Amino acid sequence: MKRGFFCRDPRDVARDLLGTILVNGPVAGRIVETEAYLAEGDPAAHAYRGRTKRTEVLFGPPGYAYVFRTRQHACLNVVAQPAGVPGCVLIRALAPVAGVDIMRERRGDVADSRLTDGPAKLCQAFDIDIRHYGVDLCDGVDPHLEEGPACDARDVVAGPRVGVGAAMTLPLRYYVADDSFVSRRT
DNA sequence: CTTACGATTCCC
DNA sequence: GGAATCGTAAGG
């Protein structure tokens with residue numbers, strides 16, 4: 001995945017990221033749901049309250065991983081836009097492509113359909129956590145992103161984001177219509 | 001040092 | 001509907 005891909009508005013990156021393949025060693029999956037977090041005017045974005053140790057990587061160059069914890073779970077984002085502009089895209093769900101058996105071991109006793117249908121679930125299935133904070137997702141070293149079969153633009157749906165405290169109804173969430181791994185249908 | 005609070009998930 | 005549970009950030 002070329003770094004230039006991420007050097008754009010988070011909304012465009014979020015939409016175009018659908019279909020991209022996330023790889024981490026033996027496990028891989030096709031992204032089917034994302035959310036954009038804007039660099040400016042977005043109270044729900046972590047970078048909204050400024051630059052801190054936690055949000056530091058958001059202000060760096062695009063294509064790097066911004067991993068954060070909420071409660072006891074980790075979530076994976078990709079930094080978008082040029083250095084100094086803290087936009088990012090949250091990877092909310094993906095469809096398993098390889099290593100399903102390993103995902104089952106990591107996720108415990110859950111149905112296959114719930115292996116990776118949520119931002120924290122996919123991190124657990126892919127063994128991604130805070131230790132991946134700031135890693136380059138464009139350098140080919142795991143974990144990394146690869147171009148996948150482009151999904152039909154007509155299948156892409158936009159809607160309100162999930163679980164954000166600051167009530168934001170802008171359509172910043174993108175997902176593949178009718179995909180069974182999308183975390184929630186609206 | 002102390003307190004408040006989640007970009008979630010799973011179980012009752 | 002509610003608890004789990006811990007790092008981060010802000011305030012004293």
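Chain letters run A, B, ... following the sequence lines, proteins first, then strands; residues in each count from 1. The analysis underlying the following values was restricted to heavy atoms, covering all of them including side chains, and did not include hydrogens, waters or symmetry mates. Note that this is a predicted model, so its numbers are computed, not measured.
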Does the side chain of L115(A) come within less than 4.5 Å of V110(A)'s, by heavy atoms? yes
With a non-hydrogen cut-off below 4.0 angstrom, is A120(A) in contact with a base, only sugar-phosphate, or nothing? sugar-phosphate
Let me know the distance between NZ of K121(A) and C1' of dT8(B), rounded to the nearest Å. 9 Å
Rounded distance (Å) that lies between atom P of dC10(B) and atom CZ of R114(A): 9 Å
Charged N-O contact under 4.0 Å between E35(A) and R161(A): no
For R184(A) and dC10(B), what is the distance between atoms CZ and C1' respectively, to the nearest whole Å? 16 Å
Tell me whether the side-chain N or O atoms of E35(A) pair up with the base of dA7(B) as donor and acceptor below 3.5 Å, since no angle test is needed here. no
Could you tell me how far apart Q72(A) (CD) and dC11(B) (C1') are, to the nearest whole angstrom? 13 Å
Side-chain H-bond candidate by donor/acceptor type, R92(A) with T34(A), under 3.5 Å: no
Choosing from dT8(B), dA7(B), dC10(B), which nucleotide comes nearest the side chain of R107(A)? dC10(B)
Can you tell me if E147(A) has over 12 outside heavy atoms packed within less than 6.0 Å of its CD? no
Please give, in whole Å, the distance from dT9(B) C1' to R71(A) CZ? 10 Å
Would you mind building the protein contact string for nucleotides 7-12 of chain C? One character per nucleotide, 5' to 3', B for base within reach (heavy atoms under 4.0 Å), S for sugar-phosphate only, - for untouched. -SS---
What is the distance from CZ of F68(A) to C1' of dT5(C), rounded to the nearest Å? 16 Å
With distance as the sole criterion, is a donor-acceptor pair present between the side chains of T20(A) and E146(A) under 3.5 Å? no
Atom CG of L90(A) to atom P of dG6(B): distance rounded to whole Å? 17 Å
According to a cutoff of under 5.5 Å between the ring centres and under 30° between the ring planes, does Y37(A) stack with the base of dA7(B)? yes
Pair pattern of DNA chain C in dot-bracket, where unpaired bases get dots and | marks partners in another strand, Watson-Crick or G-U under 3.5 angstrom: ||||.||||||.
Minimum heavy-atom distance A80(A)-V13(A), with the two atoms named: CB-CG2, 4.2 Å
Salt bridge check, R15(A) against D12(A): does any charged N sit closer than 4.0 Å to a carboxylate O? yes
When you look at R3(A) and D136(A), which way does the side-chain contact (heavy atoms from CB on, under 4.5 Å) test go after all the steps? CA-CA 10 Å; R3(A) 194 173 311 284; D136(A) 190 357; 2.8 Å; yes
Send over the distance from H73(A) NE2 to dC10(B) C1', rounded to a whole Å. 8 Å
Closest of dT9(B), dA4(C), dA7(B) to the N77(A) side chain is dA7(B)
Taking the six-membered ring of Y133(A), is NZ or CZ of R131(A) closer than 6.0 Å to its centre and within 45° of its axis? no
Touch class at under 4.0 angstrom, heavy-atom based, for R92(A) against every strand present: sugar-phosphate
